[in-house]
Amino acid sequence: MDKVYSTVIIFLGSLLLGVAFNMFLLPHEILSGGITGIAMILSLMLPVNAGIWLILLNIPVLVLGWMKLGKVFILNSIFSVAVTSISMLYIPVMKVTEDALLSSVFGGVLVGVGVGFIIRFYGSTGGFDVIGLLLTMKRDIPLGFLVFGLNSLVVFVSGFIFTWELAMYTMASIYITGLVVDRIHTRHIKLSLMVVTSKGDAVKKQLLEHLYRGITVTDGEGAYSGNKVKVLYSVISRYELAYVRPLIKEIDPNAFVSISETMEVMGNFRKDDNFKKVPGTSQMM
């Protein structure tokens, strides 16, 4: 069921990209970033559809991703690129509005929503998304900000080929896309989780059986009640919060849980998206 749900989300996100490109950005010669932007430039200069260029230019990047990010991720990415490319072939290139600024803003928002959900469900649109994800595996840099930096190259290229006014519209669209992506793709955000519970051993066991995260346990005492409690501390990613809440509530609905955003994490912290653990497996702590 999870796989079907992810596939549907990636399909809808990819379809949304096709709508954004053909109905908001391309009609005004406003480009997207990275390899998609390069495909748009080539389609505007040569009589070959941008969807065809998108497939050709993504082949070497997807091969690199296959080697570094895994088969499932790349298969999802290939599916996303294929859906986007096919949708761009059949969705008419037409202006929703004559205002280029409005098109750059709404096009950027739609691209950000599409890319954000595709990445969140373990896929990508190819191109600089893959390169950005490879870099975020090494450092906790906001993906949207990183991709915005990489995509800035397209803005300068478009400025020389077309006009600098269109280049500025492109910059605005790419910047908005980056902001929206970072609102949706929040893996880089780390949270400090503190749980105060009278069922410390059971809660600890529950979390260790379901998460690839370490936990620090200390003894505590209620200042007013004098009851002995356990204080569990861990650091999780923003994605894990929705998964962790019901795990704690299942064992101790009355547990006191404090969640705060962490500025930086140093040391051994698993950075991939595979945070769910199959119960019964062992892990070195």
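Just so it is clear, the values below take in all heavy atoms, side chains as well, and ignore hydrogens, waters and symmetry mates. Note that this is a predicted model, so its numbers are computed, not measured.
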With sequence neighbours excluded, residues passing ring-ring contact (aromatic ring centres under 6.0 Å, His included) with Phe106: none
Give the minimum heavy-atom separation between Pro27 and Phe21, together with the two atoms involved. CD-O, 3.7 Å
Decide yes or no on side-chain contact (heavy atoms from CB on, under 4.5 Å) for Phe117 and Ile184, but give the supporting numbers first. CA-CA 7 Å; Phe117 277 106; Ile184 298 173; 3.8 Å; yes
To the nearest 0.5 Å, how far apart are NZ in Lys249 and CG in Asn254? 10.0 Å
Can a donor-acceptor pair be found, under 3.5 Å and without considering hydrogens, that links the side chain of Ser234 to the backbone of Gly214? yes
I'd like to check Leu208 versus Lys204 (side-chain heavy atoms, cut-off strictly below 4.5 Å). Are they in contact? yes
Atom OG in Ser173, atom CE in Met168: separation rounded to 0.5 Å? 14.5 Å
To the nearest 0.5 Å, what is the distance between NE2 (His210) and CD (Glu250)? 7.0 Å
Is any side-chain heavy atom of Val105 closer than 4.5 Å to a side-chain heavy atom of Ile176? yes
Short side-chain donor-acceptor distance under 3.5 Å, Tyr233 and Ser192: yes
Could you check whether any side-chain N or O of Ser14 sits under 3.5 Å from a backbone N or O of Val83, counting only pairs where one atom can act as donor and the other as acceptor? no
Val115 versus Val180: any side-chain heavy-atom pair under 4.5 Å? no
The reported gap from OG1 in Thr7 to CG in Asn76 (rounded to nearest 0.5 angstrom) is 6.0 Å
Would you mind listing every side chain to side chain donor-acceptor pair (under 3.5 Å) that reaches into residues 91-110, with sequence neighbours excluded? His28-Ser103
Using 0.5 Å steps for rounding, measure from the CD atom of Gln206 to the CG atom of Leu232. 12.0 Å
Once rounded to the nearest 0.5 Å, what's the spacing between atom CE of Met88 and atom CG of Leu17? 9.0 Å
Closest approach of Phe24 to Leu110 (non-hydrogen atoms, all atoms of both residues): CE1-CD1, 3.5 Å
State, with a plain yes or no, whether a side-chain heavy atom of Val235 is found less than 4.5 Å away from one of Leu193. no
Heavy-atom closest pair (Ala202 atom, Ile251 atom, distance to 0.1 Å) is CB-CG2, 3.5 Å
Is there a side-chain contact between Met23 and Ile91 (heavy atoms, below 4.5 Å)? yes
Which atom of Leu207 lies closest to which atom of Ile215, heavy atoms considered: CB-CD1, 3.6 Å
Smallest separation among heavy atoms of Ile248 and Ala255, with atom names: CG2-CB, 4.1 Å
Closest non-hydrogen atom pair, Leu191 against Ser237: CD1-O, 4.4 Å
Report yes or no: do Leu12 and Tyr90 belong to one cluster of Ile/Leu/Val/Met/Phe/Trp/Tyr joined by side chain heavy-atom distances under 4.5 Å? no
Show your working on side-chain contact (heavy atoms from CB on, under 4.5 Å) between Ile10 and Phe79 and close with a plain yes or no. CA-CA 8 Å; Ile10 292 173; Phe79 175 67; 3.8 Å; yes
Note, Tyr243 side chain near Leu211 side chain (heavy atom, < 4.5 Å): yes
Do Lys228 and Asp219 sit within salt-bridge range, that is, some charged N less than 4.0 Å from a carboxylate O? no
